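Quick notes on the structure that follows.
Treat the numbers as computed from the prediction; the structure is a model and nothing was measured.
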Amino acid sequence: MATVSPHHFVATSGETAPVWAHTEPYSNRPKFPQLSQNTSADVCIIGSGISGVQSAYELIKRGRSVVMLEARDAISGETDRTSGHLASALDDHYLEIEKKHGEEGAKLAADSHKWASKHVGEVARELGIDCEYRQLPAYLISQYDRQTQSSEHDAEVKRLIMGEVEQANRFGLSAEFKTGFAVKGWDGKPDQRDASIFHEQATFHPTKYLTGVLKWLKEQPSFTCYTHSRVMDVQEKGIEVMGIGKKTVTVSTDTGHTVECSDAIMATCVPLQKLSIVAELEYMRTYCIAVKVPQGYVEDYLLYDTAEAYKYVRLTRCDEQNDYLVVGGCDHKVGQEETLGRFQELEDWIRERFTKAGSVDYAWSGQVFEPVDYMGFIGLNPGTKHTYIITGDSGNGLTHGVIAGRLITDQIEGVKNYWGKLYSPSRKASLLKSAGTAMAHDVQIQAQYKRFLQSDIKDIEDLAPGSGGVLNSTTKVPVAVYKDDEGGVHKFSALCPHMKGVICWNGVEKSWDCPVHGSRFSKDGVCVMGPAKGHLNPADESGEKLQSEAVK
C-alpha cells in the first residue's frame, strides 16, 4: 500500500496517499513563493483547491487581477483526496432536496451541477489538459440483495430508485429505470440488480485538472499565487451605505503581510470564522481504496448504492494491463468514531462483488462537509459586502467548486445569476425546514466537550511508536502526545484553537481531529483543515522542534 514521506503534510492533508499520486506525483505541481511583502489585487482568493482555482480561472478570463494565497503547497487540500466524481445525480437525492428547497430549488440544483460537470470538460479541452475527463452513465442500485432481502429491495426500488428517475427527468436530467439491470464485471454472489441509470454524468483526474489550470494561470500576468502563506484574518474597511462610499478588504497572513483587494473569496472548505455558517455543517470522514482490476473486466461507469453510508465505484488508469477500481464510502463524523477498519470493509465489499479484484495499492480518506439542507453555501459571507465564502460540499465538492467559480465571479461583476438564491449563505427558508436536524446536530456537537473529562491513555508508555493519544488528568489542561517511530515523545496542547474542543487521534491519517467542528492537524500539530486558523500549541521543547521542522 503506497505511503509518502514523513513530512508530506505540506502536500496533502493526510498520512496516506490518494490514487491520483500514481500518475500525477506531488512533484509535478506548480511551485510558488511565500508572500514576503504587502501587495494588492482586484480579488484575493484564499485556498488553491478546485473552488479557488476555478474562481481564479473565471475571474482572469473576465479581466480581473487575482492574488491567491495558500497555507501549504498548492492543491494540498481536499480536492486531492476526493474520488473524482462530477455528478448532477446528487447523493442527497432530489426527493429530499425538493422537500427543503421546493421544485424551483431542486431544478436549480440539477441545472447548476449539470452545467458544472460539462464545464470541466470544456475548460480541459480549451487549455489542452489531459485529465481523463469523460462523460459516463451513473447507476443507482439498492443496498439490499434481490434474493435474500427481496421485500426491502423491492420497497427501496419503488420508493427511492424509481422515484429519483421521475424527479431527475422533471428537473431536466436524463434518467431511466431498468428492471434486472446487471453491472458488467459484477460476478460475485450479492444480487443487487435493478438500477436507475443517469446519463451525462462525468469523471476526471482531479489533480491533473487543477495542475493544468494552475500552470495556465501561472502564465497570466494578472495572476499571482503565494504558498506557505497562512491567512489569519480578513477584514472589510471603510464605509459603504446604499451604494455610497466603498469598502476595501484587507487579508492578513501569519507573517504580518497583507493583500489589499476590492473583494476576497474564502475557498477554504470551511470559512475562517467562529460560528454562523460553521454551525450549519456536519463534518464527516470518508474513505477510498484503489483496487487493481484487469482492463475491460469492468465497464467505465459510476456506481452508487442507497445505504446511508453509501458505497460508490469508478475507474481510473493504472497501467497497460490494468485499471484501478476506486471504491469509497464508510462515512462517519470527524473525531467521533474509530477510523481503523474502514479500508478492510471497503475491500471486503468489492471482493464479494467483483471476484477478479486484485491488489489494493492505495487507501486514503478525505473530509466531507454536509449542510443541514443539502446545498452548499456559496456567496457573500453574512454581514459583509465584499467577502465571499464557498463551503458545504455535501459530497459533491467538485461540482460545487466549479459552480462557485461561475457564481461568485458573476456576483463580483454584478451579473444576474439565478443559482444565487439557492446557494446563498444568508438563505433562511430551507434552513428553517431543517431546524430539527440542526438542533440535534448542535446537541450532539456540544456533547463532544465531554472529552474534557476523558483520557485516551493513562500513561505515555501505553502508546505504541507511530501513534498518539490525549493524556488528561482532568485537573490539568489535556495534552496531545505523539510518539514517533523511533519512540521519541512530542507534546502539544490538546485544545483546538477554534472552539477549544479536545482533539482525537486519527490512526489512519496520523492526524489530530477535532470532534466539534472538524478542524484537523498533522501529527506535528500543523493545521491542515479549518475552521481553526492556527496550529496546536507545542507543550514541550520536542513538540516545538517537530512542529518547526514541519512548517519549514
Side-chain angles (χ1 to χ4, degrees), residues 1-32 46-53 68-84 131 204-214 225 227-230 267-270 283-290 316 324 326 328 334 339 342-343 361-369 393 397-398 401 466 468 482 505-513 518-530 532 535 546-547 549-552:
M1 198 172 294
T3 56
V4 283
S5 67
H7 296 287
H8 71 281
F9 273 91
V10 295
T12 188
S13 62
E15 181 80 3
T16 59
V19 69
W20 315 122
H22 180 69
T23 52
E24 185 68 15
Y26 301 122
S27 59
N28 196 38
R29 296 177 186 175
K31 304 300 180 186
F32 300 96
I46 306 157
S48 63
I50 194 162
S51 298
V53 169
M68 176 178 284
L69 300 176
E70 171 57 58
R72 296 175 292 137
D73 285 354
I75 324 177
S76 59
E78 291 307 300
T79 304
D80 169 52
R81 306 186 73 82
T82 66
S83 54
C131 60
F204 73 146
H205 189 303
T207 52
K208 279 187 177 181
Y209 176 76
L210 284 196
T211 296
V213 178
L214 261 181
C225 181
T227 54
H228 300 269
S229 303
R230 185 176 294 274
T268 48
C269 286
V270 186
Y283 303 88
M284 311 292 289
R285 294 304 294 169
T286 188
Y287 297 81
C288 275
I289 61 173
T316 191
Y324 277 127
V326 176
V334 175
T339 57
R342 311 287 174 165
F343 297 140
D361 291 354
Y362 292 85
W364 72 102
S365 67
Q367 195 132 314
V368 177
F369 311 88
D393 57 47
L398 298 172
Y482 169 63
W505 177 251
N506 180 332
V508 166
E509 299 297 354
K510 294 186 183 291
S511 64
W512 300 102
D513 298 357
S519 296
R520 297 183 62 247
F521 309 85
S522 71
K523 59 194 176 189
D524 320 294
V526 175
C527 182
V528 296
M529 172 64 65
H535 309 316
L546 191 71
Q547 187 175 107
E549 290 175 352
V551 171
K552 212 183 297 182

*Can you measure from CH2 (Trp364) to OG1 (Thr82) and round to the nearest 0.5 angstrom?*
8.5 Å
*After noting the C-alpha distance and the side-chain angles of Met284 and Gln367, does the key distance pass the side chain to side chain contact (heavy atoms under 4.5 Å, CB included) rule?*
CA-CA 6 Å; Met284 311 292 289; Gln367 195 132 314; over 6 Å; no
*Under 3.5 Å, is there a donor-acceptor pair linking the side chains of Glu78 and Ser13?*
yes
*asked:* The test is side chain to side chain contact (heavy atoms under 4.5 Å, CB included); show your working for Val526 and Arg230 and say whether it passes.
replied: CA-CA 11 Å; Val526 175; Arg230 185 176 294 274; 4.0 Å; yes
*asked:* Can you give me the closest heavy-atom contact between Gly84 and Pro206, atom names plus distance?
replied: CA-CD, 4.2 Å
_Reported OG1-to-CD1 distance for the pair Thr16 and Ile289, which is rounded to 0.5 angstrom_ = 12.5 Å
*Going by heavy atoms in the side chains, are Thr79 and Thr207 under 4.5 Å from each other?*
no
_To the nearest 0.5 Å, what is the distance between CD on Gln547 and CZ on Phe521?_
10.0 Å
_Over all atoms of both residues, closest heavy-atom pair of Gly397 and Ile50_ = O-CG2, 4.0 Å
*Quickly, which of Lys523, Arg520, Arg81 forms a side-chain hydrogen bond (donor to acceptor under 3.5 Å, both in side chains) with Glu509? Name it, please.*
Arg81
*What's the verdict on side chain to side chain contact (heavy atoms under 4.5 Å, CB included) for His205 and Trp20, showing C-alpha distance, side-chain angles and the deciding distance?*
CA-CA 7 Å; His205 189 303; Trp20 315 122; 3.4 Å; yes
*Take Asp513 and Met529 through the test side chain to side chain contact (heavy atoms under 4.5 Å, CB included) and record every step on the way to the result.*
CA-CA 9 Å; Asp513 298 357; Met529 172 64 65; over 6 Å; no
*So, for Pro18 and Asp80, which heavy atoms are closest and what is the spacing to 0.1 Å?*
CG-O, 3.3 Å
*Value rounded to 0.5 Å, distance of CH2 in Trp512 from OG in Ser522*: 10.5 Å
_Treating Arg342 as the side-chain partner and Val508 as the backbone partner, does any N or O pair qualify as donor plus acceptor under 3.5 Å?_
no
*What heavy-atom pair brings Asp524 and Ala550 nearest, and what distance separates the two atoms?*
OD2-CB, 3.5 Å
*Distance in Å, Glu70 CD paired with Cys225 SG, rounded so as to fall on 0.5 Å steps*: 7.5 Å
*So which heavy atom on Glu15 is nearest to which on Phe9, and how close?*
OE1-CE1, 3.6 Å
*asked:* Quick check on side-chain contact (heavy atoms from CB on, under 4.5 Å): which of Val551, Thr227, Val528 does Arg72 satisfy it with?
replied: Val528
*Examine distances only and state if a side-chain atom of Lys510 and a backbone atom of Gly466 form a donor-acceptor pair shorter than 3.5 Å.*
yes
*With sequence neighbours excluded, tell me which residues meet salt bridge (Lys or Arg N to Asp or Glu O under 4.0 Å) with Asp393.*
none
*Go through the steps to decide whether Tyr26 and Asp73 satisfy the test side chain to side chain donor-acceptor pair (under 3.5 Å), and finish with yes or no.*
CA-CA 9 Å; Tyr26 301 122; Asp73 285 354; over 6 Å; no
*Thr211 (side chain) donor-acceptor with Arg29 (main chain) under 3.5 angstrom*: no
*asked:* Contact between Arg285 and Asn506 at the side-chain level, heavy atoms closer than 4.5 Å - yes or no?
replied: yes
*asked:* Could you measure the distance from the SG atom of Cys288 to the OH atom of Tyr324? Nearest 0.5 Å is fine.
replied: 14.0 Å
*What heavy-atom pair brings Cys527 and Ala532 nearest, and what distance separates the two atoms?*
SG-O, 3.3 Å
